[in-house]
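Because the structure is a prediction, the values reported are computed rather than measured. Throughout, a chain's letter reflects where its sequence line sits, starting with A, and its residues are numbered from 1.
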2 protein chains.
Amino acid sequence: MIMSLDREDVPKYLQLASIVREQIKSGELGPRRAAPSELYLSQRYGIARDTVRKAMGLLREQGYVYVVRGLGTFVSPQEDWRE
Amino acid sequence: MIMSLDREDVPKYLQLASIVREQIKSGELGPRRAAPSELYLSQRYGIARDTVRKAMGLLREQGYVYVVRGLGTFVSPQEDWRE
DNA sequence: CGAAATTTGTTCGTATGTATC
DNA sequence: TGATACATACGAACAAATTTC
């Protein structure tokens with residue numbers, strides 16, 4: 001599914017968070033599998049790493065992903081999702 | 001030639017890229033010879049490895065150096081230089 | 001054969017400054 | 001004033017490839 005950040009009235013980090021959240025909910029990104037890296041996402045969507053981190057920070061707060069420092073970001077099992 | 005990164009208005013990675021590029025163009029660093037390692041450059045100029053990698057990544061894009069993972073970075077032959 | 005050292009590759013953590021709205 | 005967004009820079013951890021011993 002080709003996605004882009006084209007809503008003028010919604011912050012990019014919220015749009016990106018929605019995209020990745022839906023990929024997780026749909027199973028496109030499976031539990032315990034690596035989520036896209038910050039560098040990949042910044043290049044894929046043409047946005048700053050800083051903005052990607054804001055989006056992923058949100059998903060982490062919501063329990064959709066967890067981070068292993070030096071390794072990457074991973075998809076949480078469904079029982080951890082909080083919203 | 002003793003060089004340092006002292007321009008306030010130019011990003012360090014661009015300054016370092018310029019320095020190494022000139023060393024290559026002048027022949028100070030000859031073709032097929034090893035370029036300074038990331039660790040050496042970061043210590044030599046007192047900057048982060050991350051910043052060195054950004055500079056060397058630029059020179060690689062411009063065809064001045066090529067990299068062999070696990071071995072090092074090497075100076076490209078002049079016919080590969082692109083700018 | 002394997003362990004250690006060296007070097008580059010990848011990834012996240014943090015901070016600062018700038019610009020815009 | 002605060003939120004958003006981008007660029008730069010340093011730090012840290014871990015991975016992979018290569019050479020040396």
Side-chain angles (χ1 to χ4, degrees), chain A residues 3-21 23-24 29-76 80, chain B residues 3-21 23-24 29-76 80:
Chain A
M3 297 290 297
S4 57
L5 278 48
D6 46 16
R7 292 285 303 274
E8 271 298 326
D9 55 341
V10 179
K12 292 180 181 180
Y13 79 95
L14 290 181
Q15 291 187 60
L16 178 58
S18 293
I19 290 172
V20 178
R21 191 187 300 107
Q23 290 174 341
I24 291 172
L29 294 175
R32 305 297 177 187
R33 302 295 299 272
S37 73
E38 295 175 354
L39 180 62
Y40 170 83
L41 290 173
S42 68
Q43 293 176 339
R44 163 72 179 76
Y45 293 99
I47 59 181
R49 184 189 161 209
D50 187 68
T51 306
V52 171
R53 281 185 58 77
K54 256 185 135 165
M56 298 308 281
L58 210 55
L59 295 187
R60 186 167 45 167
E61 285 173 10
Q62 297 170 344
Y64 288 104
V65 299
Y66 61 94
V67 171
V68 181
R69 185 172 184 185
L71 253 185
T73 303
F74 300 85
V75 178
S76 303
D80 291 346
Chain B
M3 297 291 296
S4 58
L5 278 48
D6 46 16
R7 292 284 303 274
E8 270 297 327
D9 55 342
V10 179
K12 293 180 180 179
Y13 77 93
L14 289 181
Q15 292 186 59
L16 178 59
S18 293
I19 291 172
V20 178
R21 191 188 300 108
Q23 291 175 340
I24 291 173
L29 293 175
R32 306 294 177 190
R33 300 295 300 272
S37 73
E38 295 175 355
L39 181 62
Y40 170 82
L41 289 172
S42 68
Q43 292 175 341
R44 163 69 177 78
Y45 292 98
I47 61 180
R49 183 189 164 210
D50 185 69
T51 306
V52 172
R53 285 183 59 76
K54 233 174 156 176
M56 299 306 282
L58 209 55
L59 295 188
R60 184 167 46 167
E61 286 175 9
Q62 298 172 343
Y64 288 104
V65 300
Y66 60 94
V67 172
V68 181
R69 185 175 183 179
L71 244 188
T73 302
F74 301 84
V75 178
S76 303
D80 291 346

Would you give me the side-chain donor-acceptor pairs under 3.5 Å for residues 54-61 of chain B, sequence neighbours excluded?
none

(request) Quick one: pull up OG in A/Ser4 and CZ in A/Arg44 and give me the separation to the nearest 0.5 Å. (result) 7.5 Å
(message) If you take any heavy atom closer than 4.0 Å to DNA chain C, which residues from residues 7-19 of chain A end up in contact?
(response)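 By residue number: none to list.
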(request) Check the distance between C/dT10's C1' and A/Leu41's CG and give it to me in whole angstrom. (result) 14 Å
(message) What is the distance, to the nearest angstrom, from the OH atom on A/Tyr66 to the P atom on C/dT11?
(response)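 About 16 Å, once rounded to whole Å.
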(message) Test of understanding: with side-chain contact (heavy atoms from CB on, under 4.5 Å), list the residues that count as partners of A/Arg32, not counting sequence neighbours.
(response)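 A/Arg32 satisfies side-chain contact (heavy atoms from CB on, under 4.5 Å) with A/Tyr66, A/Pro77 once adjacent residues are dropped.
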(request) For B/Pro11, check side-chain contact (heavy atoms from CB on, under 4.5 Å) against everything at least two apart and list the hits. (result)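 side-chain contact (heavy atoms from CB on, under 4.5 Å) list for B/Pro11, sorted by chain: B/Tyr13, B/Leu14.
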(request) If D/dA7 has a Watson-Crick or G-U wobble mate with both distances under 3.5 Å, name it; if not, just say none. (result) C/dT16
(message) Taking B/Gly63's backbone N and O only, do any of them form a donor-acceptor pair with B/Ser76's side chain (distance below 3.5 Å, no angle check)?
(response) yes
Nearest heavy-atom neighbours spanning [X] and [Y]:
X: A/Val75; Y: A/Ala35; result: CG2-CB, 4.4 Å
X: A/Ala48; Y: A/Ser42; result: C-CB, 4.1 Å
X: B/Ile47; Y: B/Leu41; result: CG1-O, 4.4 Å

(request) Going 5' to 3' through nucleotides 12-19 of chain C, assign each nucleotide B (protein heavy atom under 4.0 Å from a base atom), S (under 4.0 Å only from sugar-phosphate atoms) or - (no protein heavy atom that close). (result) BBB-----
(request) Taking the side chain as every heavy atom from C-beta outward, state whether B/Pro36 and B/Leu29 have any atom pair closer than 4.5 Å. (result) yes
(message) Quick check for you: name the first and last nucleotides of DNA chain D, 5' to 3', having an atom under 4.0 Å from a heavy atom of chain B.
(response) D/dT8 to D/dT19
(message) If you apply the rule side chain to side chain contact (heavy atoms under 4.5 Å, CB included), what do you find for B/Thr51 with B/Tyr45, and how did you get there?
(response) CA-CA 10 Å; B/Thr51 306; B/Tyr45 292 98; over 6 Å; no
